[in-house]
Amino acid sequence: EGALECFLTNEEVSAAAANTDQAYAGVMHRRLLVLRQEYLVVADILADEGGREHTFDWMYHNLGESISSDQAIESSGAGDGRGFEYLEDCFRGVTEGAIGADIIQREHKVRIRVAAAEQSEILTATGPGESVMHRVPVLFVTRRGTEARFAATIDPGDEKGDSVVRSVSSAESGSGLVISVELTDGTREVFGYDPAGAARHVEGIQTQATLICLKQEGDGWAVLGESE
């Protein structure tokens, strides 16, 4: 069970946010998805409603032949955890900076970028796909505490296969996030998400929308869309 927080779709952007407290006992999980023409934003906010400490794993998997990350270069075992015994080809790392991983699929790449946070643990591996014999690249980003926030982009490249996203960063804003995506053309796109819909300014633009999507144009910002 869960609840829809917002929905937005137009010619520029499609987005939805929802929450549930039923997936993990005592934990409120909020997820935002924003689809642009050439990349996807995924944001997760998880918080224990009783203030208890948890280990939060953010995972992404994609069909492909291999995965690599400059932040995960130490060959390692899979470690403890339900289902982790099925992981192979494991590499680990720890960083406080931004995280990047590339999944290779023949001549194509899918690029995953995750915004920085303190003491992020990274694990790249292959896991079972259609069977334990069919291996699928997988990325884990692990954070610990009473809450964790993740903001990531999934970038399959433009029609030529070139990367569209250079980096992603995020900052807390009320009960949500402001996610900033720097594109390879030097411009930025910003997504202001606040589940409470509080009055606020995002890049100088006043809003009370749960989600506002902005695109940099010259010295100003164009509104790609606002949820109702």
Side-chain angles (χ1 to χ4, degrees), residues 9-16 31-44 57-79 83-95 97-117 120-142 150-170 179-191 213 215-216 224:
T9 186
N10 58 37
E11 293 181 353
E12 295 288 345
V13 62
S14 294
R31 169 162 285 185
L32 168 71
L33 298 174
V34 183
L35 180 63
R36 289 285 282 132
Q37 293 179 354
E38 294 174 326
Y39 69 92
L40 174 70
V41 174
V42 183
D44 291 276
D57 290 320
W58 186 91
M59 183 187 75
Y60 179 78
H61 61 91
N62 200 106
L63 290 176
E65 298 163 3
S66 64
I67 182 170
S68 64
S69 170
D70 290 342
Q71 290 82 35
I73 58 174
E74 181 182 347
S75 181
S76 170
F84 277 63
E85 66 269 23
Y86 297 106
L87 297 180
E88 299 176 357
D89 310 309
C90 299
F91 290 85
R92 291 184 177 274
V94 178
T95 184
I99 298 162
D102 294 342
I103 293 177
I104 308 300
Q105 188 178 37
R106 296 182 182 176
E107 68 273 18
H108 300 292
K109 278 186 182 180
V110 176
R111 304 161 181 89
I112 306 101
R113 303 292 179 256
V114 184
S120 295
E121 300 174 16
I122 305 101
L123 169 66
T124 63
T126 62
E130 296 176 354
S131 72
V132 292
M133 302 300 294
H134 176 224
R135 309 305 296 177
V136 175
V138 60
L139 168 69
F140 286 87
V141 178
T142 300
F150 300 89
T153 57
I154 313 299
D155 172 16
D158 59 19
E159 57 188 20
K160 295 181 180 179
D162 295 330
S163 179
V164 174
V165 175
R166 178 171 294 153
S167 65
V168 59
S169 60
S170 67
I179 303 159
S180 178
V181 179
E182 183 182 359
L183 304 179
T184 52
D185 66 4
T187 65
R188 286 194 301 138
E189 297 185 350
V190 171
F191 307 93
C213 306
K215 179 178 177 62
Q216 187 178 20
L224 297 173

**Prompt:** Is Arg135 reaching over with its side chain to a backbone N or O of Thr126, donor-acceptor style, under 3.5 angstrom?
**Reply:** yes
**Message:** How long is the straight-line distance from OG of Ser163 back to CD of Glu38, given to the nearest 0.5 Å?
**Reply:** 10.0 Å
**Request:** Could you tell me whether a side-chain N or O of Glu65 sits under 3.5 Å from a main-chain N or O of Arg106, the two making a donor and an acceptor?
**Result:** yes
**Request:** Find the distance between CD (Glu189) and OH (Tyr39) and round it off to the nearest 0.5 Å.
**Result:** 3.5 Å
**Request:** Taking all heavy atoms of Arg36 and all of Glu12, pick out the closest pair and write down the distance.
**Result:** NH1-O, 2.6 Å
**Prompt:** Got more than 12 heavy atoms from elsewhere within 6.0 Å of CD1, Ile73?
**Reply:** no
**Heavy-atom check, side chain of Thr153 versus side chain of Ile112, under 4.5 Å** = no
**Request:** Verify, without hydrogens or angle tests, whether Thr184 (side chain) and Val165 (backbone) share a donor-acceptor contact under 3.5 angstrom.
**Result:** no
**Item:** Over 12 non-hydrogen atoms of neighbours within 6.0 angstrom of CG in Asp70
**Value:** no
**Message:** So, applying side chain to side chain contact (heavy atoms under 4.5 Å, CB included) with His61, which one of Leu139, Val138, Ile103 is it?
**Reply:** Val138
**Message:** Under the ring pair (Phe, Tyr, Trp, His ring centres under 6.0 Å) test against Phe140, which residue among Phe91, Phe84, Trp58 passes?
**Reply:** Phe84
**Item:** Atom NZ of Lys109 with >12 non-hydrogen neighbours under 6.0 angstrom
**Value:** no
**Item:** Asp185-Thr187 side chain donor-acceptor pair, cut-off 3.5 Å
**Value:** yes
**Message:** Run Arg31 and Asp44 through salt bridge (charged side-chain N to carboxylate O under 4.0 Å, His left out) and show every step you take.
**Reply:** CA-CA 5 Å; Arg31 169 162 285 185; Asp44 291 276; 2.7 Å; yes
**Message:** If I compare all heavy atoms of Val164 with all of Gly157, which pair ends up nearest, and what's the gap?
**Reply:** CG2-C, 4.1 Å
**Complete:** d(Glu182 CD, Gln216 CD) to nearest 0.5 Å is 9.5 Å
**Fill in**
In this structure, CG of Asp89 is separated from OG of Ser66 (nearest 0.5 Å) by 9.5 Å
**Asked** Any side-chain heavy atom of Leu63 within less than 4.5 Å of one from Glu130?
**Response** no
**Item:** Which atom of Cys213 lies closest to which atom of Val34, heavy atoms considered
**Value:** SG-CG1, 4.5 Å
**Request:** First locate atom CG of Asp155, then atom CG of Asp162, and finally report the distance between them rounded to the nearest 0.5 Å.
**Result:** 10.0 Å
**Message:** Please evaluate residues Ile179 and Val190 with respect to the criterion side chain to side chain contact (heavy atoms under 4.5 Å, CB included), reporting the C-alpha separation (whole Å), side-chain torsions for both, the decisive distance (0.1 Å), and the verdict.
**Reply:** CA-CA 6 Å; Ile179 303 159; Val190 171; over 6 Å; no
**Asked** What closest approach, in Å, do Ile122 and Ser120 show between heavy atoms, and which atom pair accounts for it?
**Response** CD1-O, 3.7 Å
**Fill in**
Exactly one of Val114, Thr124, Thr95, Val141 clears side chain to side chain contact (heavy atoms under 4.5 Å, CB included) with Gln71, and that residue is Thr95
**Prompt:** Is the centre of the Tyr60 ring less than 6.0 Å from the centre of the Phe150 ring?
**Reply:** no
**Prompt:** Taking all atoms of both residues into account, what is the closest heavy-atom pair of Ala98 and Ala116, and its distance?
**Reply:** N-CB, 3.5 Å
**Item:** Spacing of Thr142 atom OG1 and Asp57 atom CG [to the nearest 0.5 Å]
**Value:** 3.5 Å
**Shortest non-hydrogen contact between Val136 and Gly129, atoms and distance** = CG2-CA, 3.5 Å
